[in-house]
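Below is one structure, written out as structure tokens; the observations come after it.
Counting begins at 1 with the first residue of the sequence.
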Amino acid sequence: IVASGCAAAGKNFTEHQSLLNKVGENQSRIYVYRTGESALYSGGSAIVKIDNVEKGKCNYKGFNVFDVPSGNYQLQVNAWGMPGTCTIATNFDPQSEHYFEIKPRLTNYVKIIGFFFILLPLGNLLPESLIVAGAIGLGASATDTCGPFSIEEVESNLALEKIKILNQTQ
């Protein structure tokens, strides 16, 4: 049996913090992180976007940091090859820091896996390409608008407790 994963392997949070400059005058700092509390989707990266522009990724048991100009944004998270994007509206004040936890959504996983169990008995009756296309189509309609990950802002003191043991996503 072969197992694979996509855990963050960069600098730990404490080491990374010591290398950061102060947040710029008209800038805001955004921290995104994924804990090891659930192994669901641990083999893939969460893709982080701001106003539909990819800023980077966040791996399982990892974090990432982005400095952006202060202002109002749409913060989004999704995963390559999976339908749905979770979006939240945010406002970043100058010289502020914000922490966002990315969590796997079990409801997304259950809906897609459930569809495969429905198709399994039909495997000999349907062409493979039709099964795959059907699963992707159902995934897009069954996952509502959020996809495999959710994202929510967390108070800094709570976030720092979780993030301090994580490694930066490369």
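Following chains of ILVMFWY side-chain contacts shorter than 4.5 Å, one cannot reach Ile47 starting from Phe63, and the two form parts of different hydrophobic clusters. Under the 4.5 Å side-chain heavy-atom criterion for Ile, Leu, Val, Met, Phe, Trp and Tyr, Val53 and Phe92 are members of distinct hydrophobic clusters. Note on Ile102 and Val68: same hydrophobic cluster, where clusters join Ile, Leu, Val, Met, Phe, Trp and Tyr whose side-chain heavy atoms are under 4.5 Å apart, directly or indirectly.
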Task: Step-by-step side-chain contact (heavy atoms from CB on, under 4.5 Å) determination, Glu152 to Phe100 - done: CA-CA 5 Å; Glu152 64 183 54; Phe100 294 89; over 6 Å; no

TODO: For Glu97 and Val23, run side-chain contact (heavy atoms from CB on, under 4.5 Å): C-alpha distance rounded to whole Å, both residues' side-chain angles, the deciding distance at 0.1 Å, then the answer.
DONE: CA-CA 8 Å; Glu97 294 183 334; Val23 180; 3.9 Å; yes

- [ ] List the steps, then state whether side-chain contact (heavy atoms from CB on, under 4.5 Å) holds for Gln168 with Glu15.
- [x] CA-CA 10 Å; Gln168 185 175 21; Glu15 184 181 359; over 6 Å; no

TODO: With side-chain contact (heavy atoms from CB on, under 4.5 Å) as the test, would you mind laying out the steps for Arg29 and Gln95 before giving the verdict?
DONE: CA-CA 7 Å; Arg29 183 160 291 151; Gln95 295 185 312; over 6 Å; no

Please set out all donor-acceptor pairs under 3.5 angstrom arising from side-chain atoms of residues 73-84, sequence neighbours excluded.
{"from": "Tyr73", "atom 1": "OH", "to": "Pro69", "atom 2": "O", "distance (Å)": "2.6"}
{"from": "Gln76", "atom 1": "OE1", "to": "Asn52", "atom 2": "N", "distance (Å)": "2.8"}
{"from": "Gln76", "atom 1": "NE2", "to": "Asn52", "atom 2": "OD1", "distance (Å)": "2.9"}
{"from": "Asn78", "atom 1": "ND2", "to": "Thr85", "atom 2": "OG1", "distance (Å)": "3.2"}

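Residues passing the ring pair (Phe, Tyr, Trp, His ring centres under 6.0 Å) test with Tyr31, sequence neighbours excluded: Phe13, Tyr99. Every residue meeting the salt bridge (charged side-chain N to carboxylate O under 4.0 Å, His left out) condition with Lys57, not counting sequence neighbours, appears here in chain and number order: Glu54. Under the side-chain hydrogen bond (donor to acceptor under 3.5 Å, both in side chains) criterion, Ser70 pairs with Ser28, sequence neighbours left out. Under the side-chain contact (heavy atoms from CB on, under 4.5 Å) criterion, Asp93 pairs with Asn91, Ser96, not counting sequence neighbours. Not counting sequence neighbours, Lys55 has no partner by the side-chain hydrogen bond (donor to acceptor under 3.5 Å, both in side chains) test.
Note that OG1 of Thr90 is 8.0 Å distant from NE2 of His98, once rounded to the nearest 0.5 Å. Distance check: Leu160 CG to Thr14 OG1 gives 9.5 Å after rounding to the nearest 0.5 Å. Rounding to the nearest 0.5 Å places CD1 of Ile88 at 7.0 Å from CD of Glu153.
Under the side chain to side chain contact (heavy atoms under 4.5 Å, CB included) test applied with Tyr33, the options Val154, Asn59, Val65 reduce to a single match, Val154.
For the pair Glu101 and Arg34, the salt-bridge criterion is not met [side-chain N within less than 4.0 Å of a carboxylate O]. No salt bridge links Glu37 with Lys103; every basic N to acidic carboxylate O contact stays at or beyond 4.0 Å.
Here the closest non-hydrogen pair linking Phe149 and Cys86 is O-CB, 3.2 Å.
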